[in-house]
Each structure stands twice: as C-alpha cells, then as structure tokens.
Amino acid sequence: MQNTNNSISDLLSAVQTYFDSLHYCDTVLLNKVFHKSSSLFDVDQTKVFVEPIDSFSNDVGSRVSPASKGQKPQTEILLIDWLSPSCATVKIRLRAHKNVFVDHLGFVNGENGWQIVSKIWHLEKMLE
C-alpha cells in the first residue's frame, strides 16, 4: 500500500499528540486526537471493560500527570499496520508513573485529520 509522506507524518503527529495528552494529562489534546464517538476496551479475567471517550477524558483530567512529577516521556511506536491510506492500527508502548501500557490504537483520517476511533489497552507491567 502506498502512503504519502504527508499522511505518514500526519499520523505520527497524531500519535505524538496521544503521547503528550497522557504525559501532561491534557484533555484538550486528548479530545483533539480521539474521535468523539470512540471507546476504549480492556479485558480482566474474561470481563470486557468498555469506556466511552468522555469518561476516559474525565479520568485523565483528574490524574496527576507524569510530567508534573518530573518523569521523562517513555514512549515507543511498535507497529503501524496500514489498512488503507486513511485507516491504520498503531501499536504503542508507554509508561505513566509506574505503569507500562501497550495499546492498539485504531486511527482514521477523516474531516478532522487523524483521530483514534478505538483503543484496546493492556497493563503490561508495573515497575518498582
């Protein structure tokens, strides 16, 4: 599949917005990068947890940010899987305080640019 340099750089910029929104607990950035109808998913002991973006945004806004505690950003893009020039799944890893998460972010490039329409996340480990 052929993607233009602009679509790749725009997608990477959206991923960076996601990283920044969680590092700074910035809900303006978070609500910019997530589509207003998106949801987040996790499973714990076979129970599926679904959280609408509004609930997640409120949760992020009430957190103590890793940045305010002096934590340097620890993020990485593990994989970008292009479904089409305007749809991609991005697998990332990030640290927030003592938690290391792995996320699969479903992105679409629509009228508001690249936005996350779904997030499946997993707490990979907790650091000491």
Got a donor-acceptor contact below 3.5 angstrom from the Gln115 side chain to the Val108 backbone? no
Flag yes if Ile77 and Val33 sit in one hydrophobic cluster, no otherwise; membership is Ile, Leu, Val, Met, Phe, Trp, Tyr, and two members link when side-chain heavy atoms are under 4.5 Å apart. yes
Side-chain contact test, heavy atoms from C-beta onward, threshold under 4.5 Å: evaluate it for Asp26 versus Val60 and give yes or no. no
Under a 3.5 Å distance rule, please check whether His23 uses its side chain to pair with a backbone N or O of Gln71 as donor and acceptor. yes
Just do the side chain to side chain contact (heavy atoms under 4.5 Å, CB included) check on Val15 and Thr75 with the steps written out, would you? CA-CA 10 Å; Val15 172; Thr75 60; over 6 Å; no
Spacing of CG belonging to Leu123 relative to NZ belonging to Lys98, to within rounding of 0.5 Å: 13.5 Å
Between Lys36 and Ile53, which heavy-atom pair has the shortest distance, and what is it? O-CG2, 3.4 Å
Show the numbers, then the answer: is there a side chain to side chain contact (heavy atoms under 4.5 Å, CB included) between Leu29 and Tyr24? CA-CA 9 Å; Leu29 290 177; Tyr24 296 101; 5.5 Å; no
Taking C-beta and beyond as the side chain, do Cys25 and Ser62 meet within less than 4.5 Å on heavy atoms? no
Kindly work out whether a path of hydrophobic side-chain contacts (I/L/V/M/F/W/Y, heavy atoms less than 4.5 Å apart) joins Val64 to Leu30. no
Report the C-alpha separation of Leu11 and Trp82 in whole Å, then their side-chain angles, then the decisive distance to 0.1 Å, and conclude whether the side chain to side chain contact (heavy atoms under 4.5 Å, CB included) test is met. CA-CA 11 Å; Leu11 176 60; Trp82 293 94; 3.5 Å; yes
Note, Val90 side chain near Tyr18 side chain (heavy atom, < 4.5 Å): no
Can you hop from Leu79 to Val100 via hydrophobic side chains spaced under 4.5 Å? no
Check the hydrophobic clustering (I, L, V, M, F, W, Y; side-chain heavy atoms under 4.5 Å; chains of links allowed) and say if Phe101 and Phe107 are grouped together. yes
Arg95 and Leu127: side chain to side chain contact (heavy atoms under 4.5 Å, CB included), yes or no, with the steps? CA-CA 9 Å; Arg95 178 178 174 192; Leu127 305 172; 3.5 Å; yes
Do you know the tightest heavy-atom contact between His122 and Asp42? CA-OD1, 4.3 Å
Roughly how far apart are Ile120 CD1 and Ser39 OG, rounded to 0.5 Å? 11.5 Å
Donor-acceptor contact present, side-chain His97 to main-chain Lys69, <3.5 Å: no
If you group Ile, Leu, Val, Met, Phe, Trp and Tyr by side-chain heavy-atom gaps below 4.5 Å, do Val102 and Ile80 land in one group? no
Roughly how far apart are Phe41 CZ and Phe49 CZ, rounded to 0.5 Å? 10.5 Å
Would you compute the distance between atom OG of Ser57 and atom CG of Leu40 and round it to the nearest 0.5 angstrom? 10.5 Å
Student check: side-chain heavy atoms of Asn109 and Asp10 closer than 4.5 Å: no
Would you say the side chain of Glu76 lies within less than 4.5 Å of the side chain of Leu78, judging by non-hydrogen atoms? yes
Arg93 and Phe19 have their tightest heavy-atom pair at O-CE2, 4.4 Å
For Asp81 and Thr89, which I'm curious about, is there any donor-acceptor pair between the side chains at under 3.5 Å? no
Rounded to the nearest 0.5 Å, how far does OG of Ser13 lie from CH2 of Trp114? 12.0 Å
Straight-line distance of Ser38 OG to Ile116 CD1, nearest 0.5 Å: 7.5 Å
